[in-house]
Amino acid sequence: MSIFIEKPPEKLIDEDGTRIDGRKPDEMRPVRIEVGILENADGSAYIEWGGNRILAAVYGPRELHPKHLAQPDKAVLRCRYNMAPFSTSTRKKPGPDRRSIELSKVIREALEPSLFLHEFPGTTIDVFVEVLRSDAGTRVAGTTAASVALADAGIPMRGLVSACTVGRVGDVLVLDVGHEEDQWGDADLALSMLVDYNEITLLQMDGTLTPQQLKQAIGMAMDACKKIHELQKQAIREKYLKIVREIAGETST
Ligand code: ADP
């Protein structure tokens, strides 16, 4: 979608299926997740996904101000997606814009079905998604990190929300859309899901797909979400293993 590379590349994919960044059509970019890295938040996570670098921080459940926004029967989930001025190739004007307002809403809607908000009436849970470096797919990477940060904050949840994109370049469906594919490709689809329940929490699409391609693209994204889900769980396990190791180290001396 971005309009920041002036000339389209000669081709986005080779006859043998090699993409412009060297990946195969069904290949994801490397993903690394770290949990609990911000001391001052109730929960936090950092994700590296391709060239994306994103921090997610969670506060709450906590008192909601102004009070009239509070709901008597459940917590209010608030999300703020923000891109740092240095996160893009051309400096982005600081502060909210139409896109960041839309993505804040998209991320909130992707996460909401996973949470037991009725357990905390009258409160708010605040989620901050800070994009430090962007490389296409920040909404799915941000959603993935935010869900881990919510788990790290101990917010009761049905399960983790995992997310991924699939695009179309000509007749080929490509997993985890890269920057040039996002800009010059023919379609892209973002999917978030609760892997434990096989339940899609958000589906967005730009461009066009045939019904057959749509079905295939959703299948590819859901399979990728299962892999992301494993990485999310592993990252949470790592945090606690580290604590256990530290305690064990302390008691053995
Ligand atoms: P997503 O990041 O979820 O793919 P978009 O499709 O809107 O969302 O954006 C694709 C990519 O375009 C972003 O990841 C980012 O690298 C780039 N981009 C978006 N907005 C801007 C902007 N205002 N300035 C420069 N680059 C931008």
Side-chain angles (χ1 to χ4, degrees), residues 1-9 12 19-21 23 25 27-33 45-56 79-112 127-149 161-169 173-193 200-209 217-218 220-222 224-225 228 232:
M1 164 254 165
S2 52
I3 41 159
F4 309 101
I5 297 174
E6 276 165 18
K7 270 198 199 149
L12 286 170
R19 294 156 70 178
I20 190 161
D21 60 6
R23 285 183 289 154
E27 194 179 332
M28 285 184 58
R29 295 172 290 179
V31 177
R32 189 177 78 85
I33 305 171
Y46 169 69
I47 192 163
E48 292 182 356
W49 184 323
N52 292 309
R53 304 282 181 267
I54 301 174
L55 268 172
C79 290
R80 193 192 73 177
Y81 166 100
N82 181 53
M83 270 180 134
F86 48 80
S87 67
T88 52
S89 52
T90 47
R91 181 183 178 276
K92 189 206 155 279
K93 199 169 157 247
D97 52 24
R98 275 180 59 163
R99 178 177 171 276
S100 68
I101 292 166
E102 184 209 330
L103 293 205
S104 299
K105 177 176 179 284
V106 162
I107 293 173
R108 176 173 55 74
E109 288 178 355
L111 295 171
E112 215 160 30
V127 177
F128 296 90
V129 174
E130 295 290 327
V131 180
L132 308 176
R133 183 172 168 207
S134 71
D135 185 30
T138 58
R139 76 193 63 202
V140 292
T143 303
T144 299
S147 185
V148 172
V161 175
S162 317
C164 195
T165 62
V166 172
R168 176 172 70 82
V169 175
L173 293 180
V174 291
L175 184 63
D176 180 22
V177 176
H179 193 77
E180 292 86 351
E181 292 164 344
D182 183 87
Q183 195 168 346
W184 304 107
D186 300 294
D188 57 76
L189 172 148
L191 181 144
S192 303
M193 72 180 290
I200 293 173
T201 61
L202 193 99
L203 185 62
Q204 282 192 302
M205 196 176 91
D206 262 347
T208 56
L209 295 174
I218 290 175
M220 279 170 78
M222 287 175 84
C225 282
I228 297 289
Q232 289 172 298

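Remember, it's 1-based here, ligands and their atoms both numbered in the order they're listed. Along the sequence shown, the residues carry numbers beginning at 1. The shown structure was predicted, so the numbers you read here are calculated from the model rather than taken from an experiment.
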When you compare ligand 1 with [X], is there at least one nitrogen or oxygen pair between them that comes in under 3.5 angstrom?
X	value
Gly137	yes
Lys92	no
Met83	no
Arg139	yes
Arg99	yes

[X] (side chain) donor-acceptor with [Y] (main chain) under 3.5 angstrom:
X	Y	value
Thr144	Val140	yes
Gln232	Val161	yes
Arg23	Asp176	yes
Arg19	Leu12	no

> For Glu112, what residues pass the salt bridge (Lys or Arg N to Asp or Glu O under 4.0 Å) criterion, not counting sequence neighbours?
Replying inline: Arg108
>> Run the salt bridge (Lys or Arg N to Asp or Glu O under 4.0 Å) test against Arg91 and tell me which residues pass, sequence neighbours left out.
In response: none
>> Can you tell me which portion of Asp188 lies within the under-4.0 Å heavy-atom range of ligand 1? Options are side chain, backbone, both, or neither.
In response: neither
> For ligand 1, does Thr138 get within less than 4.0 Å through its side chain, its backbone, both, or neither, judged by non-hydrogen atoms?
Replying inline: both
>> Show the atoms of ligand 1 that are less than 4.0 angstrom away from any heavy atom in His179.
In response: 16 (O)
> For ligand 1, which atoms have a heavy atom of Ser134 less than 4.0 angstrom away?
Replying inline: 14 (O), 15 (C), 16 (O)
> Is any side-chain N of the basic residue among Glu102 and Arg98 closer than 4.0 Å to the acidic one's carboxylate O?
Replying inline: no
